[in-house]
Amino acid sequence: MPISFRTCNTRIDTTMEFSKYFLPLFILQAIFLHPSILAAPKNSNLFREYIGAEFNNVRFTDVPINSNVEFHFILSFAIDYTTSSSPSPTNGKFNIFWDSDNLSPSQVSSIKSDHSNVKVALSLGGDSVGNGYAYFNPSSVDSWVSNAVSSLTDIIQQYNLDGIDIDYEHFSADPDTFAECIGQLIKTLKKNGVISFASIAPFDDDQVQSHYLALWRSYGHLIDYVNFQFYAYDQGTTVSQFMKYFEEQSSNYEGGKVLASFISDGSGGLSPDNGFFTACNRLKSQQQLHGIFIWSADDSKGEGFRYEKQSQSLLAIPH
């Protein structure tokens, strides 16, 4: 029975008072509590690999696939440039620049049919096109988004793809314009049911970070994975340095699933030979191994994909 008492001729029911003040407080906490606290990322068995940029005849079927991981191939690249001998920007009208002879729509369907744990995405932009850099160069937000939604929907449906990755590395537009173009693109493709996931692929460069962090601040809730290019750090990175870099970027992309990464040819960052998997095990012990991605299957082909096997074996161990 509620306890009641009188003061200043006013009867106060403590049960009613508790409900009156506690419930609004609870609702306010639920609304304003940071989403990263509500759903902090945990360990994952996600493995991702870029494929097709270097035209060395690598196929999906060349790459070993562990049935106990979630596996994403990322076709590299679709670029909004012409396919002429001197490519020029097309304001969001994307064309295929990956090795489509060996990575065709029928081969996408086949690898997904043979492996129920495989999904396939495409990556936008990349470092270069033809003999020059690939610039993000929209005429306007609305026209770029309209063209991008149309052209990418056609490619994604033709290839039966599942998601997109954003890997622009050079910019002829300010960070806010980049954020609006890419954010609206992801939002529309998800709303239309064209894709089920989206990722971004920044690295530690002031201009790159300014653009991707602007995107993250406005549209981070729509971005499923952060393929941070840890291999863009200096060659010879140590385990302790890698852990520091990972902490820094996890703070920058707060609440995001930041993946660990290395480059197959060992040209940058922390290599498998120098302790990459030691670092991954440390992250796993801290519930921070959200997945691993590799650049790239093209380079790994000559090495027999040994680090793909090792990466997936680590991820497949129950966490």
Side-chain angles (χ1 to χ4, degrees), residues 46-51 53-54 72 74-79 121-129 132-137 164-175 178-179 181-183 186 198-217 219-220 223-272 274 276 279-280 283 288-300 307 311:
L46 176 62
F47 177 79
R48 317 186 86 203
E49 181 144 42
Y50 290 87
I51 188 170
E54 297 176 20
H72 292 180
I74 305 175
L75 293 164
S76 311
F77 290 96
I79 313 175
L122 59 77
S123 186
L124 308 184
D127 175 60
S128 60
V129 57
Y133 289 137
Y135 281 91
F136 177 74
N137 189 23
I164 62 171
D165 174 69
I166 310 301
D167 189 25
Y168 281 105
E169 302 184 2
H170 307 280
F171 306 91
S172 296
D174 62 81
F178 177 73
C181 286
I182 301 300
I186 294 171
S199 59
I200 57 175
F203 57 94
D204 190 33
D205 170 89
D206 288 345
Q207 187 186 42
V208 169
Q209 289 281 62
S210 68
H211 284 73
Y212 281 93
L213 287 171
L215 171 61
W216 184 259
R217 283 190 293 270
Y219 291 95
I223 297 167
D224 300 278
Y225 314 108
V226 180
N227 282 12
F228 199 87
Q229 298 182 46
F230 289 102
Y231 45 83
Y233 288 106
D234 291 342
Q235 185 180 23
T237 295
T238 65
V239 171
S240 60
Q241 287 173 326
F242 181 92
M243 297 298 290
K244 176 175 172 286
Y245 298 150
F246 188 91
E247 182 180 0
E248 289 174 356
Q249 302 311 330
S250 295
S251 176
N252 282 334
Y253 297 93
E254 185 179 3
K257 295 178 180 176
V258 178
L259 275 63
S261 63
F262 66 89
I263 188 167
S264 302
D265 65 8
S267 60
L270 177 61
S271 69
N274 290 331
F276 175 79
C280 286
L283 291 174
Q288 293 188 80
L289 185 59
H290 314 309
I292 295 171
F293 80 88
I294 300 176
W295 177 276
S296 64
D298 306 58
D299 291 326
S300 294
Y307 294 130
S311 297

- request: Looking only at non-hydrogen atoms, find the nearest pair between Leu270 and Thr238 and report the distance.
  value: CD1-C, 4.0 Å
message: Just to verify, which of Trp216, Phe171, Tyr168, Phe136 counts as forming a ring-ring contact (aromatic ring centres under 6.0 Å, His included) with His211?
response: Phe171
- prompt: Asp167 side chain to Ser123 main-chain N or O, any donor-acceptor pair under 3.5 Å?
  reply: no
- line: Leu213 and Asn252 have their tightest heavy-atom pair at CD2-O, 3.6 Å
statement: Heavy-atom closest pair (Tyr212 atom, Ala201 atom, distance to 0.1 Å) is CE2-N, 4.2 Å
message: Other residues, nucleotides and ligands only: do more than 12 of their heavy atoms fall within 6.0 Å of CD on Gln207?
response: yes
message: Test your reading of the model: is there a side-chain donor-acceptor pair from Ser261 to the backbone of Phe230, 3.5 Å cut-off?
response: yes
message: Quick one: does any side-chain atom of Glu169 pair with a main-chain N or O of Gly125 as donor and acceptor, under 3.5 Å?
response: no
query: So how far is it from Ile292 CD1 to Phe47 CZ, rounded to the nearest 0.5 Å?
result: 7.5 Å
- line: Rounded to the nearest 0.5 angstrom, the CZ-NE2 distance for Phe228 and His290 is 13.5 Å
query: Between CD1 of Ile74 and CD1 of Ile294, what distance do you get to the nearest 0.5 Å?
result: 11.0 Å
message: Does the plane of the ring in Phe77 sit parallel, tilted or perpendicular to the ring in Trp295? Use 30° and 60° as the thresholds.
response: parallel
query: For the atom pair NZ (Lys257) and CG (Leu46), what is the distance rounded to the nearest 0.5 Å?
result: 8.5 Å
statement: Residues Gly126 and Ala134: closest non-hydrogen pair is O-CB, 3.8 Å
query: Can any side-chain N or O of Ser311 pair as donor or acceptor with the backbone N or O of Tyr307 at less than 3.5 Å?
result: yes
field: Gln229 and Gln249: side chain donor to acceptor below 3.5 Å
entry: no
statement: Taken to the nearest 0.5 Å, the spacing of Tyr253 OH from Ile223 CD1 works out to 9.0 Å
- prompt: Would Tyr233 and Phe242 satisfy side chain to side chain contact (heavy atoms under 4.5 Å, CB included), going step by step from the backbone distance to the final call?
  reply: CA-CA 9 Å; Tyr233 288 106; Phe242 181 92; over 6 Å; no
- request: Evaluate the criterion side chain to side chain contact (heavy atoms under 4.5 Å, CB included) for residue pair Ser199 and His72; output intermediate values, then yes/no.
  value: CA-CA 11 Å; Ser199 59; His72 292 180; over 6 Å; no
query: Partners of Phe203 by ring pair (Phe, Tyr, Trp, His ring centres under 6.0 Å), sequence neighbours excluded?
result: none
message: Determine whether Val258 and Phe246 satisfy the following criterion, side chain to side chain contact (heavy atoms under 4.5 Å, CB included), listing intermediate values before the conclusion.
response: CA-CA 8 Å; Val258 178; Phe246 188 91; 4.0 Å; yes
task: Would you mind reporting whether Ile200 and Tyr219 have side-chain heavy atoms less than 4.5 Å apart?
output: no
field: Closest contact, heavy atoms only, Val208 versus Pro202
entry: CG1-CA, 4.1 Å
task: Search all heavy atoms of Glu49 against all heavy atoms of Ala297 and return the closest pair with its distance.
output: OE2-N, 3.1 Å
task: Determine, step by step, whether Ile51 and Leu75 satisfy the side chain to side chain contact (heavy atoms under 4.5 Å, CB included) criterion, reporting the C-alpha distance in whole Å, the side-chain angles of both residues, the deciding distance to 0.1 Å, and the verdict.
output: CA-CA 5 Å; Ile51 188 170; Leu75 293 164; 4.1 Å; yes
message: Parallel, tilted or perpendicular: which one describes the rings of Tyr135 and His170, with boundaries at 30° and 60°?
response: tilted
- prompt: From Ile79 CD1 over to Leu122 CG, what is the distance, rounded to the nearest 0.5 angstrom?
  reply: 11.0 Å
